[in-house]
Amino acid sequence: MSDAIKAPRSFQEIILRLQNYWGAQGCAVLQPYDMEVGAGTFHPATTLRSLGSKPWAAAYVQPSRRPTDGRYGENPNRLQHYYQYQVIIKPSPANLQELYLGSLREIGIDASLHDIRFVEDDWESPTLGAWGLGWEVWCDGMEVSQFTYFQQVGGHDCKPVSGELTYGLERLAMYVLGVDHVMDMPFNDPASPIPLSYGDIFRQTEEEYSRHNFDGATTEMLFQHFKDAEAECERLLAFAPEDPKSGKRIIMAHPAYDQTIKASHLFNLLDARGVISVTERQAYIGRVRALAKKCADAFRLTEAGADA
Amino acid sequence: MPDLLIELFSEEIPARMQARAREDLKSLVTNGLVEAGLTYASAGAFSTPRRLTLTIEGLTAESRPVREERKGPSATAPAAAIEGFLRSTGLTLDQLERRADKKGETLYAVIEKPGRAAPAIIAEVLEAAIRNFPWPKSMRWGAGALRWVRPLHSILCLLSDESGSAVVPMSVDGIASGNTTEGHRFLSPGRFAVTGFDDYAMKLKRAHVVLDSAEREAAIWQGAQNLAFAAGMDVVEDKGLLAEVAGLVEWPVPLMGRIAEDFLHLPPEVLQTSMKEHQKFFSVKNPKTGRIEGFVTVANTQPADHGATILKGNQKVLAARLSDARFFYENDLRVAKANPSEPMGEWLDGLKSVTFHNKLGSQADRIARIAALAREIAPLVGADADLAEQAANLAKADLRSSMVGEFPELQGLMGMYYARAAGLPDAVALAARDHYSPLGPSDAVPTDPVSVAVALADKIDTLTGFWAIDEKPTGSKDPFALRRAALGVIRLVLGNGVRFDLASTMLLALSRNIIAVGEGHGAPAGFWQSSIKDLTGSVAARAGAIFAAIAEHYQYFRDDIRATISATVENPDSRTSDLLAFFHDRLKVFLKDQGIRHDVIDACLAMPGNDDLTLLVKRAEALAAFLKTEDGPNLLQGYKRANTLLTQAEQKDGVEYSFGADPKFAETDEERALFAALDKAEAAITPAMAAEDFPAAMAAMAALRAPIDAFFTAVQVNSDNQIVRRNRLNLLHRIRAICSGVADLTRIEG
């Protein structure tokens with residue numbers, strides 16, 4: 001079983017190998033979504049495309065932001081901006097576990113040396129109105145991925161079911177590369193003419209954003225933007241499907257969903273600023289979920305989200 | 001007799017669900033087979049992370065034919081009656097038998113069900129079992145509609161006997177049955193065929209799968225102990241963790257590692273909890289230092305490098321986890337000690353914004369109530385009132401600590417460490433740790449007086465609070481664990497021999513709960529105080545005064561809360577009586593487990609002062625012991641006879657015979673002897689009861705048995721001489737009065 005795959009030497013090499021591997025498995029290798037999101041799941045390629053009956057297979061890197069996790073670049077494992085690798089296949093193939101294990105082999109995790117385990121972990125996203133069953137995958141006691149069979153998204157039953165894999169890239173790469181502090185991790189090949197570490201690229205931004213998230217961002221503005229996004233989302237969905245200009249039936253599910261993503265990120269920022277009380281928290285999450293559900297409803301009426 | 005082997009092979013089944021799933025598979029299938037007319041000799045169920053297996057031995061090859069005969073109406077009955085019978089049997093008229101009897105001809109339906117071959121039955125039963133399996137949570141996958149705990153990949157279903165084995169043909173949602181399975185995911189990939197259970201278990205072992213979870217548990221525990229022993233250490237036993245880990249591996253390989261020096265100063269519970277919760281590691285203790293210094297992790301593989309890579313990885317993850325724990329701990333210690341004049345002040349402040357319950361206010365409000373109540377209770381349990389109040393004020397501070405935020409199960413315990421670090425008295429630290437106890441029917445009851453006071457106050461406030469807002473447990477629903485709280489009070493009181501007037505204490509606690517409800521629903525803070533002139537005196541008097549004040553200011557309470565609490569405000573005593581009845585129910589369950597019958601408890605509950613639980617139980621124990629002696633049941637018979645005679649006479653005569661029995665009207669020696677015995681018993685019982693010496697009182701009562709028996713044998717109570725009769729009835733009254741001072745014996749059964 002050890003076809004002796006050469007160990008990767010940098011963060012980007014791990015990403016590239018995952019891209020090649022999942023591309024070879026037939027996934028469309030997409031690019032990150034161009035908005036601030038908390039996790040790869042928020043990419044419409046996952047959230048919206050897991051709805052309806054049309055087959056789908058995509059893989060992509062998604063930069064993700066969790067404002068409360070900022071540690072000014074000092075914590076060895078915690079970042080307010082990090083990368084997730086996301087794979088979504090609908091319907092989930094029978095050999096998804098094998099495919100996944102193949103991807104680990106590809107990035108240098110040899111199952112004859114390591115202890116790989118599927119440990120129960122049910123996934124739920126209260127803001128997306130989504131849940132699924134699956135596992136966190138452990139490698140030598142460390143969680144390296146989340147493996148989920150989506151059961152519901154935006155309040156809709158997933159039929160067929162999508163299989164979703166999420167790799168926490170920094171943590172996984174640190175393990176594969178044997179690095180103890182994320183900032184010390186080689187981003188490009190250390191033998192490059194200009195070797196760059198993760199810290200060379202992100203230490204300063206982690207500092208800047210940590211200060212921004214905890215102290216800098218103007219809360220009144222964020223509250224206002226949240227309201228605006230919420231209103232805009234509902235407004236876009238209220239349009240009649242027939243577009244008078246083109247004469248086509250155009251439901252603006254994706255633009256509306258962008259506003260949901262915005263609202264979600266604004267909520268995360270407000271949370272980091274510490275201006276949302278425990279009781280308000282639930283209410284805000286509920287408001288974002290309501291938007292997500294409406295977008296899901298709308299997407300189901302579009303061609304891409306319909307049942308074949 | 002053939003044997004049946006079933007294996008349901010799937011993706012990884014959550015460890016916590018496996019034990020229950022084994023039992024469910026066994027009962028669903030065996031019950032189904034038996035219902036369909038098959039019998040079997042024995043059955044066994046097994047599980048690994050990827051499979052549920054059932055083996056059934058000595059199954060009958062076909063079900064017995066069944067002949068059922070049903071008598072119908074007469075052949076000449078109205079058509080509607082005959083049609084009804086046909087409908088209910090599913091037969092036509094010409095299929096019925098006619099049998100001659102006295103009334104003419106009667107219709108009979110004879111239904112014969114031929115025996116069916118086992119495979120057809122098995123296929124049906126197994127499919128039903130799969131489709132109706134009671135997983136706590138199940139899912140769909142791919143494009144299918146079948147539900148299972150995780151995707152189901154294959155069904156092995158095999159009947160075998162001496163002549164060979166055959167697949168039981170069936171198919172569930174496109175998964176066809178077969179005779180193959182898979183071994184260990186990494187160590188022995190690929191499918192293989194089996195011929196029966198023994199072959200299956202043996203080939204699985206060869207393919208690196210230990211089928212029996214008990215065998216895996218034993219291997220893990222033995223292996224872990226051997227590793228620890230070789231290093232001069234001990235593994236800390238944890239049965240729950242052992243069962244969980246055995247459900248995560250098919251081929252267990254324990255590996256031992258050391259905890260880095262930097263973390264050894266952390267409290268052992270922190271190390272243990274962090275390692276168990278996050279990593280599922282066993283803790284390893286160094287007997288020389290008494291500290292947790294190592295861990296055992298259990299790999300699911302036989303690694304090429306004997307586990308060096310796996311151990312290194314695990315150690316690294318552990319270091320990251322423990323760095324977090326250390327950060328939390330050190331940060332918490334800093335907060336706890338930050339302001340010596342107000343230890344843990346930051347957390348206490350924070351608890352003001354933590355809601356305990358939306359009707360009952362914040363955690364800080366609740367703590368203030370508990371502190372006031374702990375002060376009340378302190379003298380009753382031998383605790384210093386100031387110390388009890390201080391302890392109650394600090395006992396829940398750790399709820400805001402980072403460590404408890406991370407590991408809620410460490411609540412209380414961290415409070416103890418932080419209180420000690422802040423230089424607080426040890427009684428305060430212990431109360432932080434112990435005031436949640438006892439949590440169940442068998443864990444230890446705190447004994448330190450300050451801990452007892454805070455623990456009682458905490459639980460009583462919880463109970464009266466939810467009673468105040470009418471959130472009592474119903475049926476199986478007890479979301480606030482109120483039954484557990486009541487049992488906790490009972491065990492604290494009995495375990496420490498605490499004597500107090502529970503009803504009044506509850507009334508006072510209830511008044512404070514209602515104040516909290518009011519202040520959260522329209523009433524200004526301290527709204528009730530202006531009406532209080534005097535807040536001294538007994539607990540009951542103060543509670544009464546507060547309730548009067550609340551009623552006076554009830555207009556402040558918002559309408560939306562009135563419906564919930566007006567019953568309490570209008571009649572607080574009935575609320576506490578209701579809660580007391582809840583306590584008595586719990587007490588009955590508790591004492592029943594200790595072997596005291598419910599009627600014995602009822603007999604004691606009927607006595608005054610039944611909210612003094614210690615007294616109540618002392619009485620019940622003495623009565624139960626008394627009823628076990630030879631005199632007990634006999635005296636009871638005598639007492640009941642006296643009581644019945646007396647009651648009947650009183651009803652008949654419309655008078656109460658309660659006074660004036662005079663020995664001078666006694667006609668027989670037995671009668672005179674009973675007078676003497678009653679005098680003697682009374683002389684002994686009265687002081688014994690005053691001293692609450694129930695065994696002595698019961699012993700004195702036991703001495704009445706012989707004279708009462710002799711009296712009833714020799715004497716006819718209902719004499720024609722009315723003076724003699726009245727005198728005897730009045731004598732019976734003395735029996736009743738003396739005995740019922742001890743307990744209400746009419747409630748004793750038998």
Would you find more than 12 non-hydrogen atoms of other residues, nucleotides or ligands less than 6.0 Å from [X] atom [atom1]?
X	atom1	value
A:Arg9	CZ	no
A:Glu106	CD	yes
B:Lys312	NZ	no
B:Arg20	CZ	no

Heavy-atom cut-off 4.5 Å, strictly under: side chain, backbone, both or neither for [X] against chain A?
X	result
B:Asn358	neither
B:Arg185	side chain
B:Lys316	side chain
B:His278	backbone
B:Ser323	neither

Check: [Y] and [X] side chains under 4.5 Å, non-hydrogen atoms:
X	Y	answer
B:Glu11	A:Phe118	no
A:Glu120	B:Arg150	yes
B:Arg140	A:Lys159	yes

| request: Pick whichever of B:Ile13, B:Val149, B:Asn300 has the most heavy-atom pairs under 4.5 Å with chain A. | output: B:Asn300
| field | When B:Pro14, B:Pro303, B:Gly307 are compared by non-hydrogen pairs under 4.5 Å with chain A, the top option | value | B:Pro14
Enter the distance from [X]:[atom1] to [Y]:[atom2] here, rounded to the nearest 0.5 Å.
X	Y	atom1	atom2	answer
A:Asp110	B:Thr309	CG	OG1	9.0 Å
B:Thr297	A:Asp115	OG1	CG	6.5 Å
A:Asn75	B:Phe327	CG	CZ	8.5 Å

| query | Which residues, numbered in order, of residues 89-104 of chain A come under 4.5 angstrom of chain B by heavy-atom distance? | reply | A:Pro91, A:Ser92, A:Ala94, A:Gln97, A:Glu98, A:Leu101
Sort out for me which of [options] touches chain B most, counting heavy-atom pairs under 4.5 Å.
options	answer
A:Ser53, A:Gly132, A:Cys158, A:Cys139	A:Cys158
A:Arg78, A:His114, A:Gln151, A:Met142	A:Gln151
A:Asp180, A:Asp140, A:Ile116	A:Asp140
A:Asp121, A:Asp122, A:Asn77	A:Asp122

At their closest point, which heavy atom of [X] faces which heavy atom of [Y], and how far apart are they?
X	Y	answer
B:Gln279	A:Trp138	O-CZ3, 3.7 Å
A:Val119	B:Leu248	CG2-CD2, 4.2 Å
A:Pro160	B:Ala143	CB-CA, 3.7 Å
A:Leu113	B:Ala304	CD2-CB, 4.1 Å

| request: In sequence, state the C-alpha distance, the side-chain angles, and the governing distance for B:Val249 and A:Arg117, and then conclude on side-chain contact (heavy atoms from CB on, under 4.5 Å). | output: CA-CA 8 Å; B:Val249 294; A:Arg117 226 87 75 70; 3.8 Å; yes
